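The structure under discussion appears below in the form of structure tokens.
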Number of protein chains: 2
Amino acid sequence: MLSFAEENYLKAIYHLAEQSGQSVSTNAIADELNTKAASVTDMIKRLSSKGVLSYQKYKGVYVSEAGKIAALQVIRKHRLWETFLVAKLKFNWDEVHEVAEQLEHIKSPLLIKRLDELLGHPKFDPHGDPIPDENGEYKEKPKTPLFELQIEQSGIVVTVQDDSPAFLQYLDKIGIYIGAKIKVIDKVEFDGSMEIQIDGRKTNFISKQVSENIWLTE
Amino acid sequence: MLSFAEENYLKAIYHLAEQSGQSVSTNAIADELNTKAASVTDMIKRLSSKGVLSYQKYKGVYVSEAGKIAALQVIRKHRLWETFLVAKLKFNWDEVHEVAEQLEHIKSPLLIKRLDELLGHPKFDPHGDPIPDENGEYKEKPKTPLFELQIEQSGIVVTVQDDSPAFLQYLDKIGIYIGAKIKVIDKVEFDGSMEIQIDGRKTNFISKQVSENIWLTE
DNA sequence: TATAATTTTTAGTCTAATCTAAAATTTTTT
DNA sequence: AAAAAATTTTAGATTAGACTAAAAATTATA
């Protein structure tokens, strides 16, 4: 059984490993968790002895198969709680992360089973990220940045790359949410900005920077 | 800000103080929390220095006004979560306590506000215990044990004295739940058992021991 | 390839929360 | 009211998790 702190390390290391595809360095972990390299060394020794990481001195760490299963269950819990907060408790996108960070460590298989049922076995969280099932399995949606669509093409918002409160609040304001249908009305070659229509109603002008951070599926 | 462990001590001490009306002894706290007297002494020093307990060596502790407010907020969270688990996630009475012990320590005022709204501002939890409001205020229902009702009298189940899984499962089985209407059909003087009708439908025979543990209001 | 810079580990310290054993205090019994 | 019993506190250790400073190893640079 992993502690709260151990689960946080494992989850962070799992994410870093997925991104890089390589072994994860002590410093990268320390940066990610806002802690010091010495603390990380202590913790990765502990996690290795528990069998969820494999570690060689000075060579960084890999997540073991057992570690991946454990990490995916924490991620599952995090994303189910985020979905619950938005769907049932009317939280905004930018308000869920902190609370889900706490809730993901609650130990109760029945709780997660029932939460999953209450939410109708969702496959994606409010940010469009996939929710692993009880076996750790999930699939990503094939997705492209809004920026790459051509005039007259459309798609459904599935995720955003930037999840800063400022960006999420801006999206809220102009009426963009996960599941919104966006159609490209016009593209301005000069600065990369575009005019879009949201859910067949409002139209809006958005900058290149924004359109690169909104990802869609068909 | 109190830690997880500090909140648990404070809550336990608050309950013990309410029951006895006097100062709470080190050993009583150790018994309640299944820990050792020496650990309790350490913790009550820490909680005193934080202003939630008042403590004199060898004389036991009292909960300060600030301590009562803090304890009632933890109790509020615990009972709201229990209500949520039963009302929304179909937990049984005997399954909620352990999970609520974890959930009560989640730090998020917004979460509790929204949970309270989702549940319709409940005043009592699934065991019939009152849920304090944001200011720590609550009122008990006036209640009597089923055993004391006379033939033809009736009432609504508000709480049970015994909350062992065995007892709660027995109640489930014979169809008794918080909110059930019970009418006394007959009383057997010999052994104190009685015949009751539940929700105007089923009738059942229950022992004296059972009828003493079920409490009703009008 | 030797030196410098960076990264990682080790060694030692700190705090929260726990424990055991012994000492101090209070309560009970005779 | 003195002795015995029970309770409570202190002293000293332990563990998880974090830190700083210094040592060791690796990587980059000249």
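None of the values given here were measured: they were computed from a predicted structure. Throughout, protein chains are lettered first and strands after them, A, B, ... in sequence-line order, and every chain is numbered starting at 1.
- For B/N8 and B/H105, the side-chain atoms include at least one donor-acceptor pair closer than 3.5 Å.
- Distance alone, capped at 3.5 Å, is enough to place a donor-acceptor pair between the B/R114 side chain and the A/K90 backbone.
- Under the 3.5 Å distance criterion, with hydrogens and angles disregarded, no donor-acceptor pair is assigned to the side chains of A/Q19 and A/H15.
- Annotation: salt bridge (charged side-chain N to carboxylate O under 4.0 Å, His left out) contacts involving residues 27-37 of chain B, sequence neighbours excluded, are absent.
- In the region residues 24-33 of chain A, proximity to DNA chain D at under 4.0 angstrom, judged on heavy atoms, holds for none of the residues.
- Interface residues of residues 4-15 of chain B facing DNA chain C, ordered by number: B/A5, B/E6, B/Y9; criterion, heavy-atom separation under 4.0 Å.
- Only one option out of A/R76, A/R79, A/K11, A/K77 pairs with A/E104 in a salt bridge (charged side-chain N to carboxylate O under 4.0 Å, His left out); it is A/K11.
- Checking D/dT26, C/dT18, D/dA18 against the side-chain heavy atoms of B/D42 singles out C/dT18 as nearest.
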ask   = Which parts of nucleotides 20-25 of chain C does protein reach within less than 4.0 Å, heavy atoms only, written one letter per nucleotide 5' to 3' as B for base, S for sugar-phosphate only and - for none?
value = B---BS
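- Under the side chain to side chain contact (heavy atoms under 4.5 Å, CB included) criterion, B/P122 pairs with B/L80, B/T83, B/D116, B/L119, B/I131, not counting sequence neighbours.
- Under the 3.5 Å distance criterion, the side-chain polar atoms of A/S64 are matched with a main-chain donor or acceptor of A/G51.
- The list of salt bridge (charged side-chain N to carboxylate O under 4.0 Å, His left out) pairs with a residue in residues 161-171 of chain B, not counting sequence neighbours, is empty.
- Here D/dC19 presents its C1' atom at 15 Å from CG of A/N34, a figure rounded to the nearest Å.
- A straight line from NZ of B/K45 to C1' of C/dT15 spans 16 Å, rounded to a whole angstrom.
- Residues B/Y55 and A/M43 each lie close to DNA chain D; by heavy-atom proximity, the contact nearer the 5' end of the strand is made by B/Y55.
- For the pair A/Q56 CD and D/dT26 P, the interatomic distance rounds to 11 Å; values are reported in whole Å.
- Remark: C1' of C/dT26 and NZ of B/K57 are 14 Å apart, rounded to the nearest angstrom.
- In this structure, B/S3 does not reach the C/dA16 phosphate: none of its side-chain N or O atoms is under 4.0 Å from OP1 or OP2.
- Toward the 5' end of DNA chain D, the nearer of the two residues A/A37 and A/K59, judged by each one's closest nucleotide, is A/A37.
- A heavy-atom distance below 4.5 Å is not found between the side chains of A/Y62 and A/Y55.
- Atom NZ of B/K208 has 12 or fewer heavy atoms from other residues, nucleotides or ligands within 6.0 Å.
- Side-chain contact check for A/N27 and A/S25: no donor-acceptor pair (N or O, by modelled atom type) lies under 3.5 Å.
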